[in-house]
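Just so we're on the same page: letters track the sequence lines, and every chain starts at 1. Hydrogens, waters and symmetry mates are skipped; everything else that's a heavy atom, side chains included, is used.
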2 protein chains.
Amino acid sequence: MSGKTQHRVFEFVRDRILSGSVPTVREVQRAMGFRAVQSAQEHLDALVAEGLLEKTPRISRGYRLPEHHSSAFMIPLLGRVQAGGLEDAVEDPEGYIAVDGHPSRSRLFALKVRGESMKNAAILPDDIVIVRQQSSAEHGDIVVALIDDQATVKRLKVTRDTGGSIRVELHPENPDFSPIIPVADLHILGKVIEVRRQYEASVFYDSDVS
Amino acid sequence: MSGKTQHRVFEFVRDRILSGSVPTVREVQRAMGFRAVQSAQEHLDALVAEGLLEKTPRISRGYRLPEHHSSAFMIPLLGRVQAGGLEDAVEDPEGYIAVDGHPSRSRLFALKVRGESMKNAAILPDDIVIVRQQSSAEHGDIVVALIDDQATVKRLKVTRDTGGSIRVELHPENPDFSPIIPVADLHILGKVIEVRRQYEASVFYDSDVS
DNA sequence: GAAAATACCAGACAAATGTCTGGTAGTCAA
DNA sequence: TTGACTACCAGACATTTGTCTGGTATTTTC
């Protein structure tokens, strides 16, 4: 980054892109207080030349952050996921959350965990799991599956019984719950690739305190 | 959502917005195969009227997803935090991660957890904690404190002993570890407000499998 | 000191873009 | 049949926006 103004331009553009609205050249101009469009344009060109920004020529708001600098984007936080799969649920998300560092941009969604069945895998109620959409998974993956018309988070186990036939089970990570052996078809919605838990609003209670 | 075409328009626009590039009216037109701009415009107007989209009039690519007011931004992921506090560590972050929904933009940083001392609080080694910088905290908060020139994540407990004097302890959430009762000054770096764990790269091993 | 580089400004033009008016064809209910 | 409604089309216009040419100071480099 050459100069100080350059840096300010970059910060402005990066913040705008991260917040979801790419600025126009003239918006950069105004934000920096330039009286000429060209001043902003030149800084932007310089940033592109330095590899800090990327752009698509001639299309409005065509600036992007190179992959390694952000890859941040928003994915839907779904409410109820029930029979019928994701299509309906994606229709009506509870909100959106920012993720980064994941390649499969479009096939991600987030879900709030219900119940304590994955407690021993350090996944608690109200945690948010980020899920990559896929219809199959491997042994050991934590997956979101549709059981009894309800989305549930479980560990997938694929074993081979004495007869040599393959056996698929969904294991909770909590001794109080029993494994689920799907009789019919197992509908896997996706694989959990990240877990998040926010403490901010939560209230901690400790009986030791008077 | 009125009709089927409406639905396709919404899906197209939503996917484009989530992937970071808001489409223009004419891009919607072309994607849908309309021969008139107005056809796309009307569908977009309808979606706005239904509350599925929001827009800023007269500005290009001015469509947004509702409740998308979440301003995502990047915070530094720190490497070693040692004596001397945060200042030095923030200088040289290992990288940046995207967060959203938190108000205190500038006073956030992220840290990778080492050790299993918070296992029973569902915080595992290599988890990433997002920390709000503050020098004091309340009973029950999970905090990052500087112990022996090393940043550590613990539960803060403030109790009152029989004499009535206040007693501050840092509790691990793992029976294999002992509580820390700081003799001298306790240097709190901040409060943990979020925990994240990524599974993507991790390898799950289960001895049941041949 | 001259040449090059930096950092900005003024003004313009063509394309992209949001928006408008006024159509047609089909469906559905009264 | 009529009228309302939906879904689309044709064409146009005013801004917005990316891009360009040509300028002026100031600083840096040789």
Centre-to-centre under 6.0 Å for H43(B) and F10(B), is that the case here? no
Taking the side chain from E169(A) and the backbone from H171(A), do they hold a donor-acceptor pair closer than 3.5 Å? no
S60(A) near the nucleic acid: base, sugar-phosphate alone, or nothing, with a heavy-atom cut-off under 4.0 Å? sugar-phosphate
Between D15(B) and F12(B), is there a donor-acceptor pair closer than 3.5 Å when you use the side chain of the first and the backbone of the second? no
With a 4.0 Å limit, can you tell me whether T56(A) has a side-chain N or O closer than that to the phosphate oxygens OP1/OP2 of dG18(D)? no
Result of checking I188(B), T152(B), V131(B) against V144(B) for side chain to side chain contact (heavy atoms under 4.5 Å, CB included): V131(B)
What is the separation between atom NE2 on H43(B) and atom P on dG18(C), rounded to the nearest whole Å? 17 Å
Kindly compute the distance separating CG (L52(B)) from OH (Y63(B)), expressed to the nearest 0.5 Å. 13.0 Å
Among R197(A), K191(A), R196(A), find the residue that satisfies the salt bridge (charged side-chain N to carboxylate O under 4.0 Å, His left out) test when tested with E194(A). R196(A)
dT6(C) P sits how many Å from Q6(A) CD, rounded? 10 Å
Nearest-nucleotide wise, let me know which of Y63(B) and R58(A) is further upstream toward the 5' end of DNA chain C. R58(A)
So does K119(B) pair up with E173(B), basic N to acidic O under 4.0 Å? no
L53(B) has an atom CG; how far is it from atom P of dG18(C), in whole Å? 13 Å
Taking DNA chain D as the partner, which of residues 24-33 of chain B come within under 4.0 angstrom of it by heavy atom? R26(B)
Could you state the atom-to-atom distance from NZ of K55(B) to P of dT16(D) in whole Å? 14 Å
Donor-acceptor under 3.5 Å (Q41(A) side chain, Q38(A) main chain): no
Atom-to-atom span, CD1 of I59(A) to P of dG18(C) - whole angstrom: 11 Å
Expressed as a whole number of angstroms, how long is the span from R35(B):CZ to dA7(D):P? 19 Å
Using only atom types and a distance under 3.5 Å, with no angle test, would you say the side chain of D127(B) pairs donor to acceptor with the backbone of V195(B)? no
Can you check the L44(B) CG to dT19(C) C1' distance for me, whole Å? 12 Å
Is it the case that the side chain of T56(B) and the backbone of I59(B) share a donor-acceptor pair, with hydrogens and angles ignored and the cut-off at 3.5 Å? no
Taking everything shown except E11(A) itself, do over 12 heavy atoms lie less than 6.0 Å from its CD? yes
Return the polar atom pairs (N/O with N/O) between nucleotides 20-23 of chain D and the protein under 3.5 Å, or none.
{"unit_1": "dC20(D)", "atom_1": "N4", "unit_2": "Q38(A)", "atom_2": "OE1", "d": "3.1"}

Among R30(A), E42(A), R26(A), which residue satisfies the side chain to side chain contact (heavy atoms under 4.5 Å, CB included) criterion with V37(A)? R26(A)
Using nucleotides 24-28 of chain D, report all nitrogen or oxygen pairs with the protein that are shorter than 3.5 Å.
none

So, does S39(B) get its side chain near the phosphate of dA7(D), meaning an N or O under 4.0 Å from OP1 or OP2? no
Just the rounded figure in Å: distance from C1' of dT17(D) to CZ of R61(A). 9 Å
